[in-house]
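Structure first, commentary second.
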Amino acid sequence: MQPNLNRLLRALAREGLDVTYDGRVYTVRLQRDAHAPPAEVLLPPDLPVEGKAFQQLAALAALKHPDGGAVKRVRATPDFHPGDSGVAIGSVVHTEGLVVPGAVGTDINCGMRLHVADIPVESFLARRDAFVERMKGHYFFGTRDVALGSRAVEALLRDGLPGWLVETLEQPLGAVARADLGQLDRESTRVYLGGALEGDPAWAPTGLRREGVVRDPGLASIGGGNHFVEVQRVEAVVDRARAWRWGVREGQLAFMVHSGSRDLGKHVGHTWQERARAAWPVGAPLPESGILPLADPALVREYLRAEATAANYAFLNRLLLAELLRLTLRELFGDVEAPLVYDVPHNITLPWEGGWLARKGACPAEEEQPVIIPGSMGAESYLMVGLGNARALASASHGAGRARSRFSMARGGADQREGALGLTGVDCITLRAERRIEEAPAAYKPIGPVVASQVEAGIVREVARMRPLMTFKA
DNA sequence: ATGTGC
């Protein structure tokens with residue numbers, strides 16, 4: 001138990017929260033709402049926790065809509081921390097008869113993608129500078145060629161990756177299309193839900209809906225905050241049989257993409273925050289938490305189509321970010337294979353037991369599904385297998401969790417020496433000096449205990465670990 | 001999270 005835990009629990013009680021702790025799982029309730037379903041959070045001992053995140057979790061569980069529907073259960077992952085829309089990052093909420101746009105937020109289908117490549121790490125590092133120069137062109141200087149046909153864009157937004165692929169095979173455009181579309185086709189089964197959600201192109205901005213050749217500035221761009229593209233080495237394989245089936249072997253080069261739906265998700269998320277407010281029944285008091293659910297079935301349907309549209313865009317964004325990297329490896333190292341291991345969203349609403357499950361910064365951990373948990377740029381990332389743990393709502397953490405805010409890292413008086421930031425030996429490629437500091441390893445909790453607690457709780461099992469070689473941050 | 005926003 002952490003030393004200041006009792007103090008934290010007393011402080012939360014003064015703020016109207018009942019919190020119990022069984023040494024591993026906290027259960028949170030609003031005192032004035034004893035009928036709310038429990039909100040649970042799994043936390044390893046000795047990690048700092050923030051009171052505000054507990055408050056947000058309890059408020060989410062207590063959420064009601066005057067027209068009916070219900071929150072069935074709330075669970076948070078060990079990396080949970082306060083979110084600025086009122087819902088904590090790391091929240092998983094099961095609802096029936098209502099959907100909560102804020103429980104996904106604006107970063108719709110933020111997620112992880114992992115590839116491996118059979119290139120010796122020494123050969124790769126020997127050409128580090130040439131690789132970095134090419135990738136900087138793609139990611140930072142706009143030299144990437146990701147022209148798309150308007151029919152392919154429409155198919156993407158409506159049907160997801162399979163629709164995009166079919167149209168792109170018909171009318172190949174851009175560097176990615178001139179590469180191996182057949183390989184992308186074979187890999188599509190390694191994308192969560194096939195990367196195919198039912199969207200509505202009307203949600204796209206006009207620039208994306210032009211006729212002819214579409215060059216969207218957001219596609220194949222990393223985005224800010226904790227998003228990144230990282231080249232790694234497979235450091236340890238723990239579950240040899242499963243890793244073999246997934247194509248992962250010790251010593252391989254790997255690369256990991258963490259990105260989402262960029263401006264489209266922001267647009268959809270903000271629009272629906274407003275629409276949920278506008279749809280709130282006249283005369284009913286607005287929830288103090290600012291979390292507004294939708295209950296009207298027609299609105300729920302429309303929201304989910306909008307969310308799915310942004311999600312489809314995010315699937316392609318990650319695919320293109322990875323494809324540019326794969327193409328660059330082929331330029332430098334010949335016809336190398338760099339197969340996809342898995343692509344998985346951690347910010348999305350999906351059907352669940354007759355209702356809905358919204359994950360905000362939580363990785364699906366369904367039985368036999370790959371789970372990708374990134375560490376910081378100075379720590380290992382984990383490839384795990386989900387165990388479908390029902391109490392955890394089949395969800396794992398989406399990282400180690402922030403220990404310190406961006407502000408406190410960059411301007412809050414943090415010790416900014418390389419060693420204190422944990423940046424010694426870290427190869428971070430970015431055009432923004434403050435990004436290295438905001439996202440330095442010292443800004444994150446240690447990933448080891450966060451992962452171990454989830455193994456112990458029967459949520460995931462470890463398959464392999466990857467160590468960073470270089471990290472691209474926008 | 002966001003071609004960041006008050």
Side-chain angles (χ1 to χ4, degrees), chain A residues 52-53 56 77 79-92 100-113 136 138-144 146 203-208 210 214-229 257-274 290-291 306-307 309-318 320-321 344-349 358-363 374 376 397-402 404-411 430-435 437-439 443-444 472-474:
Chain A
K52 190 179 174 191
Q56 292 184 340
T77 57
D79 60 338
F80 94 129
H81 55 95
D84 38 52
S85 69
V87 178
I89 319 295
S91 299
V92 185
V100 189
V104 169
T106 57
D107 193 10
I108 295 167
N109 190 5
C110 181
M112 302 299 307
R113 173 176 263 256
K136 278 164 88 172
H138 291 320
Y139 291 160
F140 304 149
F141 301 137
T143 63
R144 63 190 186 280
V146 288
W203 281 99
T206 50
L208 258 184
R210 300 190 351 194
V214 176
R215 292 178 203 278
D216 180 73
L219 277 172
S221 67
I222 296 174
N226 58 354
H227 291 175
F228 63 79
V229 173
V257 175
H258 180 194
S259 189
S261 49
R262 313 289 283 106
D263 199 36
L264 181 51
K266 178 193 164 197
H267 172 240
V268 168
H270 279 157
T271 300
W272 281 92
Q273 194 61 34
E274 286 313 308
I291 310 168
E307 197 200 287
T309 313
N312 285 337
Y313 180 96
F315 279 127
L316 184 64
N317 188 36
R318 284 196 292 276
L320 293 175
L321 284 162
V344 63
H346 53 226
N347 280 14
I348 202 160
T349 310
R359 293 183 173 97
K360 181 174 190 161
C363 185
S376 75
S397 78
H398 78 314
R402 235 178 207 289
R404 307 193 51 186
S405 72
R406 290 176 190 122
F407 180 87
S408 87
M409 292 303 294
R411 279 179 285 169
T430 177
L431 303 183
R432 300 180 52 182
E434 73 271 29
R435 186 72 79 200
I437 298 169
E438 291 167 353
E439 293 294 315
Y444 286 90
F472 294 89
K473 302 278 296 186

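In what follows, every chain begins at residue 1, and chains take the letters A, B, ... in the order their sequences are listed. The figures that follow rest on heavy atoms only: side chains count, while hydrogens, waters and symmetry mates do not.
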Can you tell me the distance, in whole Å, between the NE2 atom of H81(A) and the C1' atom of dA1(B)? 11 Å
Using the side chain to side chain contact (heavy atoms under 4.5 Å, CB included) criterion, which residues pair with A358(A)? Sequence neighbours excluded. V93(A), A103(A), V104(A), T349(A)
Calculate the interatomic distance between I89(A) atom CD1 and dA1(B) atom C1'; express it in whole Å. 8 Å
Quickly work out the W272(A) CH2 to dT2(B) C1' distance and round it to whole Å. 20 Å
Residue set satisfying side chain to side chain donor-acceptor pair (under 3.5 Å) with S397(A), at least two apart, ordered chain then number -> Q454(A)
Across all chains, not counting sequence neighbours, the side chain to side chain contact (heavy atoms under 4.5 Å, CB included) partners of A443(A) are R402(A), M409(A)
Nearest whole Å is fine: how far is dA1(B) C1' from R402(A) CZ? 12 Å
What is the distance, to the nearest angstrom, from the NE2 atom on H270(A) to the C1' atom on dT4(B)? 10 Å
Any residue in residues 219-228 of chain A with a heavy atom nearer than 4.0 angstrom to DNA chain B? Just list them by number, or reply none. G223(A), G224(A), G225(A), N226(A), H227(A)
Taking atom types as they are modelled, is there a donor-acceptor pair under 3.5 Å from the base of dT2(B) to the side chain of R406(A)? no
Using a 4.0 Å heavy-atom cut-off, does R432(A) contact any base of the nucleic acid, only the sugar-phosphate backbone, or nothing at all? base
With sequence neighbours excluded, what pairs up with H81(A) under the ring pair (Phe, Tyr, Trp, His ring centres under 6.0 Å) test? none
Whole-Å distance, F407(A) CZ to dG5(B) C1', equals 15 Å
N347(A) side-chain N/O to K360(A) backbone N/O, donor-acceptor pair under 3.5 Å: no
Listed by chain and number, what are the side chain to side chain donor-acceptor pair (under 3.5 Å) partners of R432(A), not counting sequence neighbours? E434(A)
Between atom CZ in R359(A) and atom C1' in dA1(B), what is the gap in whole Å? 19 Å
Rounding to a whole Å, what distance do you find between D84(A):CG and dC6(B):P? 12 Å
